[in-house]
Amino acid sequence: MFDLRQYLEGLDLLYSSGQGNEAEAYLKKGLKQAAAAGENGSILAILNELMGYYRAAGRYEECLLCADQAMELADAMGLSGTMEYGTMLLNVATGYRAAGNYAEAEALYRQAHLIFRKHVTGPDYRMASLHNNLSLLYSETGRLDEAKQELELAMDIIRKLDDAEIEVAITHTNLGNLCFQMQEIEEGKRHMEMAVRIFEKTRDGKDSHFASALSGLGEACFHEGDLESSANYYRRALKEIDRFYGENEYYRVTKQNLSLVSDLLGRKQAAEKSKMKGMELARAYYEKYGKPMIEMKFPDYAGRIAAGLCGEGSECLGYDDVLSTDHDFGPGFCLWLTKKDYRKIGARLQEAYEALPKEFLGYKARNTTSHGQKRVGVFEIGAFFEELTGYRKAPEDDESWLSITQENLRTATNGEVFDDPLGKFSKRREGFLREPETVRLKRLCLSLGRMAQAGQYNFPRAKRREAIGAMYFSLTEFIQASTETAYLLNETYMPFYKWKIRGMETFRRIPELCTLLEELMQKDLRDTGVEKIIEQICRMVVGELNAQGISDRKEVFLEEQKGAVFERLVLMERKKGQKDD
């Protein structure tokens, strides 16, 4: 005779004592013993347990093989339509869902639901489990609102059950993960915190879902920037996963998350300790390792190689901080060669650069992303500028200048040059540093026209129509055009969009415009103050146009100012043409 109850108690003991990696052998042995005793009910119960084990371990083919065997056995036993059959369907459907067979899983969940509705009259944990699993299926197939509804139904049932603390915790965990999917991070974190509190109060450690709740808190803390807590939760999650399942795919993913957070934490701590900006780090790294390497390995070219840090990255703008260490940050610098020198030593110099120590002053090697490839290392001078602007050297005609965006010109001319014995890199860079005045005026014509059309004309018209969409886009276009105008009036190139406001904080001309734009961004579209700020900004622009002698007109409507700028432009081009003749 096979004692199923005693057998399942032994299985629980394996899990609770941290010997979950021995469960497979125990289950297979139990199958043989139950078969030898002719106990079909015990075989069915063990198949259900084995399904769950394989599912959690990511061994889906074996899970579905057990599922097929369980269904065949249940049909042979005449269990169709019973609660026992419905419970088995629920388990089988979950295996199909885990394996990514969503259509089959949903059909099986529906069958189980029909059976449960027939037999269940009050709160029942099996019905709650069904709602929980349906929610997971919906979330995995992108039906997030339906998924949340199913979880809320599950929670309503579970809270009415006795001794259901663990089930409540599991549902909180599922709700937390779903909230993360829906970008509802704060609500997700609250669910995970409630789940962890419940798991920690249970008698023996807890449940395999405890790891999911801990990982969820790790994710939430990561989003909040609390890397220390995030790493701590991921470490605890790893111990729980190993305890129940060993080093499966979930373990490996969690370990990767921990590795990422630990790396970022190390970078953050190094930055906080040294208080060194990225440009300072680059210069120190070059002086310590780069310059000696060049002098030792390339002595004939030591007087021909330019070095510095220019191009993409917040450190090239001087805007980097502790948060900047999360990607494309670390020891590194640029080396620039003439076309002839690059052909001769470019590859060898790059190899020597890559052989330099990866860590420096407590900073780990650069954590380069796919978007941050080739920001440091060895470059041919012309190719460096061509990559950023489309031109190997500064254009000679206005149309070519206008084809380069302000952002790209800023990227090509920011940063610092540490050494340039030949002076060729610096000379090429200086060519891009200041665009011709006629180009600036042409850009001004465009930006002033957009300000007038979007802010002074279309926004009030859209407001009278109560067209929220048109109001929003008109105001957005006005803000963008005003920002571009401000940079042009300050004769400096605009940086990448996320740094535009930051760059305006150091303006010499109309510095107050930055404050007004930020105030405008915070206004309700229907607020009468919006139009007042728009006019205030336009008046400020007119004042600066007059101060620079670009326009002598006083009209606040910027379409008129655009006309004045255009007239000045025509006059300049006429004089230039006469000079060329």
Side-chain angles (χ1 to χ4, degrees), residues 8 27 31 40-158 161 167 170-171 173-175 177-178 181 207-209 212 245 248-250:
L8 293 177
L27 288 165
L31 274 180
N40 285 343
S42 296
I43 294 172
L44 186 60
I46 296 171
L47 282 171
N48 273 285
E49 292 290 342
L50 200 52
M51 260 191 277
Y53 175 84
Y54 285 137
R55 182 182 71 242
R59 295 162 61 179
Y60 301 126
E61 287 187 15
E62 292 157 292
C63 173
L64 297 186
L65 180 61
C66 289
D68 292 341
Q69 292 173 350
M71 292 186 71
E72 287 178 12
L73 181 57
D75 288 336
M77 293 170 65
L79 296 177
S80 181
T82 65
M83 276 297 290
E84 186 178 0
Y85 193 80
T87 303
M88 181 205 63
L89 285 176
L90 176 58
N91 200 16
V92 171
T94 301
Y96 274 96
R97 177 186 58 75
N101 299 347
Y102 297 117
E104 295 91 335
E106 187 164 0
L108 290 167
Y109 281 136
R110 296 300 176 199
Q111 289 182 48
H113 191 223
L114 290 173
I115 294 172
F116 289 171
R117 286 181 61 187
K118 181 179 178 181
H119 294 281
V120 172
T121 56
D124 188 285
Y125 77 93
R126 288 163 293 192
M127 185 67 87
S129 179
L130 174 63
H131 288 302
N132 253 315
N133 281 286
L134 265 174
S135 172
L136 290 171
L137 184 145
Y138 289 148
S139 69
E140 289 167 15
T141 53
R143 298 142 72 182
L144 301 185
D145 289 335
E146 292 174 78
K148 197 169 187 180
Q149 290 172 10
E150 291 293 334
L151 278 178
E152 289 167 350
L153 287 171
M155 186 66 87
D156 286 342
I157 295 170
I158 291 168
L161 299 171
E167 286 75 14
I170 292 171
T171 307
T173 302
N174 292 339
L175 273 165
N177 283 323
L178 182 60
Q181 277 187 270
D207 175 274
S208 59
H209 291 80
S212 181
Y245 306 116
N248 61 2
E249 182 62 23
Y250 184 26

Flag side-chain contact, heavy atom, 4.5 Å: Val120 against Met83:
yes
dist Leu178:CG -> Glu152:CD (nearest 0.5 Å) comes out at 9.0 Å
I need the minimum non-hydrogen distance between Ile157 and Ala128, along with the two atoms involved.
CG2-CB, 3.9 Å
Test salt bridge (charged side-chain N to carboxylate O under 4.0 Å, His left out) applied to Arg110 - qualifying residues, sequence neighbours left out:
Glu106
Between Glu150 and Leu136, is there a side-chain heavy-atom distance shorter than 4.5 Å?
no
Gap separating the CG atom of Leu153 from the CE atom of Met155, nearest 0.5 angstrom:
11.5 Å
Using the rule given for side chain to side chain contact (heavy atoms under 4.5 Å, CB included), can you reason through Leu31 versus Gln69, listing the C-alpha separation, both sets of side-chain angles and the distance that settles it, and then say yes or no?
CA-CA 12 Å; Leu31 274 180; Gln69 292 173 350; 5.7 Å; no
Least distance between heavy atoms, Ile43 atom then Leu73 atom
CG2-CD2, 3.7 Å
Can you give me the closest heavy-atom contact between Arg55 and Tyr60, atom names plus distance?
O-CE2, 3.6 Å
If you round to the nearest 0.5 Å, how far is CD1 of Ile170 from CG of Leu175?
12.5 Å
Distance-only side-chain donor-acceptor flag, Asp75 / Tyr85, under 3.5 Å:
yes
For a side-chain contact (heavy atoms from CB on, under 4.5 Å) with Tyr109, tell me which candidate from Val92, Leu89, Thr94 qualifies.
Thr94
Is there a side-chain contact between Tyr53 and Arg59 in this structure, where contact means two heavy atoms from C-beta onward sitting under 4.5 Å apart?
yes
Show the nearest heavy-atom pair for residues Leu90 and Arg126, with the distance to one decimal.
CD2-O, 3.9 Å
Test item: Ser212 side-chain N/O and His209 main-chain N/O as donor-acceptor pair under 3.5 Å
no
Over all atoms of both residues, closest heavy-atom pair of Ala93 and Ala105:
O-CB, 3.4 Å
Heavy-atom nearest pair, Gly95 first then Cys63, reads CA-SG, 3.8 Å
Find out whether Leu64 and Tyr96 are in side-chain contact, i.e. whether some heavy atom of one side chain is under 4.5 Å from a heavy atom of the other.
yes
For Leu44, does its backbone N or O pair with a side-chain atom of Asn48 as donor and acceptor, under 3.5 Å?
yes
Here the gap from Leu151 atom CG to Ser139 atom OG, rounded to the nearest 0.5 Å, amounts to 8.0 Å
Polar side-chain atom of Ser135 near backbone of His131 as donor-acceptor pair, under 3.5 Å:
no
Please report the interatomic distance CZ(Arg97) to OG1(Thr141), rounded to the nearest 0.5 Å.
10.5 Å
Can you tell me how far CD of Gln181 sits from CD of Glu140, rounded to the nearest 0.5 angstrom?
8.0 Å
Any donor-acceptor N/O pair, Asn248 side chain to Ala56 backbone, under 3.5 Å
yes
Between Thr171 (side chain only) and Glu167 (backbone N and O only), is there a donor and an acceptor less than 3.5 Å apart?
yes
